[in-house]
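What follows is one structure encoded as structure tokens, with my remarks underneath.
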Amino acid sequence: MFHLLEKRLQEAVSAHLAACCEYAGPVAVGAPAQPEFGELGTAVAFQLARQWKKPPRAIAQELAAGIGAIEGVAALEPAGNGYLNVRFERGYYGRQALEGAGGVPATARTEKIIVEHTNINPNKAAHIGHLRNAVLGDTFVRMLRARGYQVEVQNYIDNTGVQVADVVAGFHFLENKALDQVAELARGERFDYLCWDLYARTSAYYKEHPEALAWRAETLHAVESGQGVLAGMAHLVADAVVHAHLKTMWRLGIAYDVLPRESEILHLKFWATAFDLLRQRGAIQLETEGKNSGCWVMPASSFSDDSADQDSKVIVRSNGTVTYVGKDIAYQLWKFGLLGKDFFYRVWSVYPDGKQVWVSTDEPQPAGHAFGAGARVYNVIDSRQSYLQNVVVAGLRALGYTDQAERSVHFSYEMVALSPRTCVELGIQLSEEDQKRSYVEVSGRKGLGVKADDLIDKLIETAAREVDSRHPDAPAAERLQVATQIAIGALRYFMLKFTRNTVIAFDFQEALSFEGDTGPYVQYAAVRARNILRKFGERGDKLPDFAAILDENAMRRHLASEDFWQLLVAASKADAAIEWALASGEPAHVAKFAFTLAQSFNNFYHAHPVIHEENAERRAFLLWMTAYFGAQLDRTLTVLGIELPVYM
RNA sequence: GCGCCCGUAGCUCAGCCGGAUAGAGCGACUGGCUUCGAACCAGUAGGCCGGGGGUUCGAGUCCCUCCGGGCGCGCCA
């Protein structure tokens, strides 16, 4: 609702300035510093003052007089040295909020947006760093969908890379396991945990015995040829671990549409096609001398401003194999539908809610689902890869796809490290240097880190203790469900409360907290709102007909109270918050808004008893406010992927 | 050496293309449960927004510079 008025004001001011003075510059509209100043304001008069050589205050006055009536706006007030503040018509605003105006985007958007996230190497269990990736990506998807965008969620599976090869080498060479033995293990519980340990052990073994690296080479070679025991084992391991990852992510409410796999990129020769394109259009060139002799490289001038100081990037090695960046360029081309090739697809698995997730395959399938060919692509990838992501985008540009290069976004985020205190809890030995730092980086290769499922389990355990003590008589299964929802709420909120370029120093104590700026705080507010309405019903009262009782005049009477008015304005900002978060690419803003909204409701809850209100009209208003807050909290939590427990 | 990111209250962090008196949570201290359940609320203390220069009517926000910290810069992915 707020967003609607915000847009309306912005358009009115812009239109007026265009008509009267041929001004076409930007007009920034936002909430004033103090609520007493009004609901919205603009400082545009200060900008104009310079050009027009007039005092800003005079301009603000002219604007106030010239803009004319705006639907829903009661007054335009010049203020301070040149601000123009706006007061809403309270009765109108309340009534519009009641009728649900401004809740949905006016037009559904047809272009397809691809969001790629998670992308965990399928050779070990997911850890907290992967959780940040997946939660950020999933929440961004939910934000887009909430605003009417069509989104396709991809989770890229590198099932033929070094990491999988190392685990396979571990099974085969280090542990002398046969294919059927590994298959047996893969059918068991927590195969991803077993791989986690084996991966660490194999990596450690390489370090002690560098000659064992030949195992890796042999395995990679076998995987590429697709023949033999090692190749079969690689398939088995990767598939089993992908199933484990999807299960872990599903615990957090995260699902995917399609899993494009590296193996099909190889078999369907995506790279060969991309290579022809790159060569024909001169994006890459064959080096004939120097250290990169025999390699196809992308010149530094393609991706760097001061190319004198930068090395060119090898795309094809001197032995003819393609690097990661090369494969990623091919993959990006496919995402935009520019490769002229596609995968075949089959159903990988079905989620408990019936939704299907598809996987790429090289075997022809009956015509069915098609994926890729997006108009816009977001790649949720850790900021440590920004150099490589730049090269990939430069590849698009060098091919002449400048539009697509601009629509390919590296949705980057900083790593999740561990607090020193948490390292001690996990029994990780810290050097003296590390102890002084505020955080310590995790390492999958060394097996150091917090596994996602362990963390979720620990959160559920902590939440369950609280739930059990508060609701000892509730059925056990229900208590567990509530504890799970609280745990997931806490975890998702924790991963979202930081802006993307903040390094998270993960700390158990902090993450296990359910008070203050946390997910459960927001859930608690929403549960309270629903409890009021439920309790009201349990007393045998019927919910009043809000639309009939609360006409514009009634709204105006109740919203004359500054207290109620500020609460309603705060509650009505959900769309504005989502829109802002989308524009700035910061899911954290939605989390922040959810917290502020919950705070507002808790204030309301504490200050105004609803059920015990004796005046019927006022009670109806309070009940409506409760319902409105509840709906807004619910909506915001949905965007954050946080569920609403039946009680707390 | 080059590139990117960070530096705001004791701690962890917000701060919407530059706008009015810099905010929140935690921690500390004081108070509030026989009410719609206190996973809550009200209040107090706590700041030269890393230092210095510049642009501007106006700078936590933009530019330059220095200091401190992190991450990248492979024919690994």
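Chain naming here is simple, since letters A, B, ... match the order of the sequence lines and numbering starts at 1 in each. What you see is a predicted model; the values in this text were computed from it and never measured. Heavy atoms only: backbone and side chains are in, while hydrogens, waters and symmetry mates are out.
- Counting non-hydrogen atoms under 4.0 angstrom, Leu533(A) reaches nothing in the nucleic acid.
- Residue contacts for Lys327(A): at a heavy-atom cut-off of 4.0 Å it reaches no nucleic acid atom on any strand shown.
- Judged by distance alone, the side chain of Ser572(A) and the main-chain N or O of Val569(A) form a donor-acceptor pair under 3.5 Å.
- Contact check for Val29(A) versus Lys7(A): no side-chain heavy atoms found under the 4.5 Å cut-off.
- Side-chain contact check for Asn119(A) and Glu116(A): at least one donor-acceptor pair (N or O, by modelled atom type) lies under 3.5 Å.
- A heavy atom closer than 4.0 Å to some atom of RNA chain B occurs in Glu510(A), Phe514(A), Glu515(A), Gly516(A), Asp517(A), Tyr521(A), these being the qualifying members of residues 506-522 of chain A.
- Gln523(A) comes within 4.0 angstrom of no nucleic acid atom, judged by non-hydrogen atoms across all strands.
- His608(A) comes within 4.0 angstrom of a nucleotide base, judged by non-hydrogen atoms across all strands.
- Listed nucleotides G72(B), A38(B), U35(B) differ in distance to Tyr387(A); the shortest reach to its side chain belongs to G72(B).
- Counting any heavy atom pair closer than 4.0 Å across all strands shown, Arg470(A) reaches a base atom.
- Between Asn531(A) atom CG and A39(B) atom P there is a gap of 12 Å when expressed in whole angstrom units.
- Distance check on atom C1': G7(B) versus A20(B) gives 27 Å, rounded to whole Å.
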Are there any protein N/O atoms within less than 3.5 Å of an N/O atom in nucleotides 54-63 of chain B, and if so, which ones and at what distance?
unit_1: C57(B); atom_1: N4; unit_2: Arg50(A); atom_2: NH2; d: 3.0

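- Base contact: Ser318(A) has a heavy atom under 4.0 Å from a base atom.
- Residue Trp580(A) places its side chain closer to G15(B) than to any other of G15(B), C36(B), U12(B).
- Minimum atom distance to the side chain of Arg317(A) is reached by A77(B), of the listed C41(B), A20(B), A77(B).
- With hydrogens and angles ignored, the 3.5 Å screen pairs a side-chain donor or acceptor of Arg479(A) with a backbone N or O of Pro472(A).
- A straight line from CZ of Arg619(A) to C1' of U35(B) spans 16 Å, rounded to a whole angstrom.
- As judged by a 4.0 angstrom heavy-atom cut-off over every strand, Pro56(A) is placed among residues making no nucleic acid contact.
- Within 4.0 Å (heavy atoms only), Glu441(A) reaches sugar-phosphate atoms of the nucleic acid but no base atom.
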Report all interatomic pairs (protein N or O, nucleotide N or O of nucleotides 42-49 of chain B) with separations under 3.5 Å.
unit_1: A42(B); atom_1: OP1; unit_2: Asn603(A); atom_2: OD1; d: 2.8

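- Just one residue in the list Tyr206(A), Trp215(A), Tyr199(A) forms a side chain to side chain donor-acceptor pair (under 3.5 Å) with Asp166(A), and that residue is Tyr206(A).
- Within 4.0 Å of Tyr605(A), counting heavy atoms only, lies at least one base atom of the nucleic acid.
- Residues Arg132(A) and Tyr413(A) bring no donor and acceptor atom of their side chains to less than 3.5 Å of each other.
- One interatomic measurement links the two molecules: CZ of Arg500(A) to P of C5(B), which rounds to 12 Å at whole-angstrom precision.
- The nearest whole Å value for the distance from the NZ atom in Lys313(A) to the C1' atom in C73(B) is 9 Å.
- Under the Watson-Crick or G-U wobble criterion, with both distances below 3.5 Å, C29(B) is paired with G43(B).
- Under the side chain to side chain donor-acceptor pair (under 3.5 Å) criterion, Ser419(A) pairs with Thr422(A), Asp507(A), not counting sequence neighbours.
- Taking only side-chain atoms of Val467(A), from C-beta outward, the nucleotide of C36(B), C75(B), A39(B) with the closest atom is A39(B).
- Proximity note for Val610(A) (side chain, C-beta onward) versus C36(B), C17(B), A77(B): the nearest is C36(B).
- When each of Phe270(A), Tyr324(A), Tyr156(A), Trp271(A) is checked for a ring-ring contact (aromatic ring centres under 6.0 Å, His included) with Tyr331(A), only Tyr156(A) meets the rule.
- Across the C1' atoms, C11(B) and C71(B) are found 24 Å apart, a figure rounded to whole Å.
- Picking from A20(B), G70(B), C6(B) the nucleotide with the shortest atom distance to the side chain of Asn501(A) gives C6(B).
- A straight line from OH of Tyr524(A) to C1' of A39(B) spans 6 Å, rounded to a whole angstrom.
- Within 4.0 Å (heavy atoms only), Ser469(A) reaches no atom of the nucleic acid at all.
- Pair assignment for C2(B): G72(B), on the basis of Watson-Crick or G-U wobble contacts that are both within less than 3.5 Å.
- Defined by atom type and a distance below 3.5 Å, a donor-acceptor pair is present between the side-chain atoms of Asn159(A) and Ser263(A).
- Proximity note for Ala33(A) (side chain, C-beta onward) versus A77(B), A20(B), C6(B): the nearest is A20(B).
- Phe498(A) comes within contact range of the sugar-phosphate backbone alone, with a heavy-atom separation under 4.0 Å but no base atom that close.
- In the set G25(B), G19(B), A14(B), the nucleotide with an atom closest to the side chain of Gln599(A) is G25(B).
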Please tabulate, for side-chain N and O atoms in residues 77-86 of chain A, each donor-acceptor pair with protein atoms closer than 3.5 Å (sequence neighbours left out).
unit_1: Glu77(A); atom_1: OE1; unit_2: Arg87(A); atom_2: NE; d: 3.1
unit_1: Glu77(A); atom_1: OE1; unit_2: Arg87(A); atom_2: NH2; d: 3.3
unit_1: Glu77(A); atom_1: OE2; unit_2: Arg87(A); atom_2: NE; d: 2.7

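- Ring-to-base geometry does not place Phe595(A) in a stacked arrangement with G25(B) (centre distance under 5.5 Å, plane angle under 30° required).
- Within 4.0 Å of Asp328(A), counting heavy atoms only, lies no atom of the nucleic acid at all.
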Donor-acceptor pairs under 3.5 angstrom involving side-chain atoms of residues 585-595 of chain A: please list them, not counting sequence neighbours.
unit_1: Glu586(A); atom_1: OE1; unit_2: Arg500(A); atom_2: N; d: 3.2
unit_1: Glu586(A); atom_1: OE2; unit_2: Arg500(A); atom_2: N; d: 3.3
unit_1: Lys592(A); atom_1: NZ; unit_2: Asp517(A); atom_2: OD2; d: 3.4

